[in-house]
Novice: 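The following block contains the structure, expressed as structure tokens.
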Amino acid sequence: MGKEFEITYVFTLFIKLLSALGTTMFIVVASILLGVIVGFLIALPRLYNIPVLRPFSQVFVSFFRGTPVLIQLFLIYYGLPEVLKLLSLDVSRAPVLMFVIFTYALHSGAFISEAIRAAVTAVDRGQVEAAYAVGMNSYQAFSRIVLPQALAVSIPVLANIVIANLKDTSLAFSLGVIELTGKAQTLVTATQHFIETYIALAGIYLLISIGLEKAFNKMERRLLSHERSAVQKAEERASYSLLSSYKGFVTRLKLGKGGSGL
Amino acid sequence: MIKLTGITKSFGRNQVLKGIDLHVNKGEVVVILGPSGSGKTTLLRCINYLERPSDGQIVIGDSIVDCKRAGKQDILQLRRKSAMVFQQYNLFKHKTALENVMEGLVIVQKRPKEEARERSVQVLEKVGLGSKLDAYPSELSGGQQQRVGIARALALEPEVILFDEPTSALDPELVGEVLEVIRKIAKEGITMIVVTHEMGFARDVSNHVVFMDGGVIVEEGTPQEIFSSPKEERTKQFLKRITPEWSYTI
């Protein structure tokens, strides 16, 4: 099958694949942003026990977690226009990309809602009571006290969701969207260099994933800086500032004097 | 001035408060004593509506709230006239000591940031934490955290500060520093209602002692009356259990 393996093709194909990177990233960013909104809308009824909406949220989450995303893509791409037709809305001319983004937004929204729910319940009730005792209303208590801490807790889970979303976008080619995997398919057909194409493709996904991982790690560190002790921070500062080590030297000196056992 | 009239509270079928009347004058330090399960913490939490009373009336300053008809605004009124110090400190973990104190001043009282910062620094210095302004709760000892909690309440200049067993979660060697701070602000004439098990503190600092058991106020009076000559049998039994028979102070 295909032509003989030739390593140089990996590089040329890598460059060619990059032309579809924009589409993939567009799907990821748009669907995650929408997914966060969907996640909140789905999580709130369960967090605040809102009677009619709560079971709806549960069904929504079960469906989008419990069925393959490929089938969700087909159902929404072929099914949604039919449903909207009943409401006399014609979406048959809408770009495929819109359906794809819509599907991934709902799909990751279901997972994000679970992450939000877990994170919000992880912020201890006592701090909410303290916020109320200070005189805050429930909106102030949520946005000032609960949300920033919940966000920090949920970062590792969110990172997983975003990376999973990135990899899932590869299924969009089945609807004919020319994102990374779709582009790879066309290159395979054109060049007959199967293995080289897929190595290059895997490389691109891997690089983006690693980049995302790094970015999320950084974000988590920043948001959780309040949970690290003074000693840990000083250590970090010291190790970061090896180049401009004067400051690090001073902090280490101070700790030495305090006898903190460093 | 705080006035509670006929406060009742039930959790399901279990009636925890069975009609409490309590009057606290401005500048008074009231200590509530009682065995566990007597409803003293619940009573305290009813005053700022962290628990919703089933019935009764709460008056703080010029806010009069009828518990059966209390709406959101009524509850906010009560909470903005009071402040609370918690057993578990309940500091905002993602904010520094200074930010913890400033939060209510800026967000609730809408004071300008600079003024709020000045006021917060001043209060934190008063509780002896002038050097820990930028420390996060995780970097502070229990005693220091509780003193931030006291500063957070004090900075709001409330009509009353409610203390819910402020030293119960502390290591024994840290209790002293917290009690010392409470003693200091009590002397400044701030109205306080304190639920505590610290008998020495109750005896020295309070103007009025309330003994609760089984959801009712069994006996109340000056510290001398309650500690030296309690009238009710239940009060006598409680004090006997909780104070050592022999006092070793000279």
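Naming convention: chains lettered A, B, ... in sequence-line order (proteins, then strands); numbering from 1 in each chain. Just so we're clear, the structure is a prediction, and the values are computed from it rather than from any experiment.
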Novice: For chain A, find which of K93(B), K72(B), R80(B), K81(B) contributes the most heavy-atom pairs closer than 4.5 angstrom.
Specialist: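 Top count of heavy-atom pairs under 4.5 Å with chain A: K93(B).
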Novice: Using non-hydrogen atoms and a 4.5 Å limit, figure out which bit of F92(B) sits close to chain A: side chain, backbone, both or neither.
Specialist: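 Its backbone and side chain both get close to chain A.
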Novice: Side chain to side chain contact (heavy atoms under 4.5 Å, CB included), that's the test. Do M136(A) and R79(B) meet it? Break it down for me.
Specialist: CA-CA 8 Å; M136(A) 289 191 203; R79(B) 287 176 178 166; over 6 Å; no
Novice: Any chance CZ of F11(B) has more than 12 other-residue heavy atoms, nucleotides or ligands included, within less than 6.0 Å?
Specialist: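 Above 12, so yes.
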Novice: Can you list the steps and then say if H226(A) with E139(B) is a side chain to side chain contact (heavy atoms under 4.5 Å, CB included)?
Specialist: CA-CA 9 Å; H226(A) 61 87; E139(B) 300 166 337; over 6 Å; no
Novice: So which part of E129(A) gets closer than 4.5 Å to some heavy atom of chain B, the side chain, the backbone, both or neither?
Specialist: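 For E129(A), heavy atoms of backbone and side chain both lie under 4.5 Å from chain B.
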Novice: Might you confirm whether atom NZ of K113(B) has over 12 heavy atoms from other residues, nucleotides or ligands at distances under 6.0 Å?
Specialist: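 Result for NZ/K113(B): open.
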Novice: Which pair of heavy atoms, one from G126(A) and one from N90(B), lies closest together, and at what distance?
Specialist: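 In this case the closest contact between G126(A) and N90(B) is O-ND2, 3.0 Å.
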Novice: Please indicate whether R117(B) has more than 12 foreign heavy atoms, meaning atoms of other residues, nucleotides or ligands, lying under 6.0 Å from its CZ.
Specialist: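 No.
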Novice: List in chain and number order the residues that pass side-chain hydrogen bond (donor to acceptor under 3.5 Å, both in side chains) with S170(A), two or more places apart in sequence or in another chain; answer none if no residue qualifies.
Specialist: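 With sequence neighbours excluded, S170(A) shows a side-chain hydrogen bond (donor to acceptor under 3.5 Å, both in side chains) to no residue whatsoever.
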Novice: Please determine whether side chain to side chain contact (heavy atoms under 4.5 Å, CB included) holds for the pair K95(B) and I145(A), giving the CA-CA distance in whole Å, both sets of side-chain angles, and the decisive distance to 0.1 Å.
Specialist: CA-CA 9 Å; K95(B) 294 185 181 292; I145(A) 306 304; 4.3 Å; yes
Novice: Check each atom of I107(B) against the heavy atoms of chain A and say whether the ones under 4.5 Å are side chain, backbone, both or neither.
Specialist: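 Contact with chain A is through both the backbone and side chain of I107(B).
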Novice: Find the distance between CG (N137(A)) and CD (Q73(B)) and round it off to the nearest 0.5 Å.
Specialist: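 Output value for this atom pair is 9.0 Å.
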Novice: Under 4.5 Å from any heavy atom of chain A, what part of L91(B) do you find: side chain, backbone, both or neither?
Specialist: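 Interface part for L91(B): backbone (N, CA, C, O).
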Novice: Could you tell me which portion of A131(A) (side chain, backbone, both or neither) has an atom closer than 4.5 angstrom to a non-hydrogen atom of chain B?
Specialist: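 Answer is both: backbone and side chain atoms of A131(A) are under 4.5 Å from chain B.
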Novice: Name all pairs fulfilling the side chain to side chain donor-acceptor pair (under 3.5 Å) condition that reach into residues 147-156 of chain A, sequence neighbours left out, sorted by first residue then second.
Specialist: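 Sorted result for residues 147-156 of chain A: Q127(A)-Q149(A), Q149(A)-H94(B).
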Novice: In terms of heavy-atom proximity below 4.5 Å to chain B, should R125(A) be classed as side chain, backbone, both, or neither?
Specialist: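 Neither part, no heavy atoms under 4.5 Å.
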Novice: With a sphere of 6.0 Å drawn around OH of Y205(A), does it hold more than 12 non-hydrogen atoms of other residues, nucleotides or ligands?
Specialist: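 More than 12 within 6.0 Å, yes.
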Novice: Give a yes or no on whether F63(A) atom CZ has more than 12 heavy-atom contacts from other residues, nucleotides or ligands under 6.0 Å away.
Specialist: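 Enclosed: over 12 neighbouring heavy atoms sit under 6.0 Å from CZ of F63(A).
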Novice: As an exercise, state the distance from CD1 of I75(B) to OH of Y132(A), rounded to the nearest 0.5 Å.
Specialist: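 With rounding to 0.5 Å, CD1 (I75(B)) is 10.5 Å from OH (Y132(A)).
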Novice: So, do R152(B) and V134(A) sit near enough that their side-chain heavy atoms are less than 4.5 Å apart?
Specialist: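 With C-beta onward as the side chain, the pair touches.
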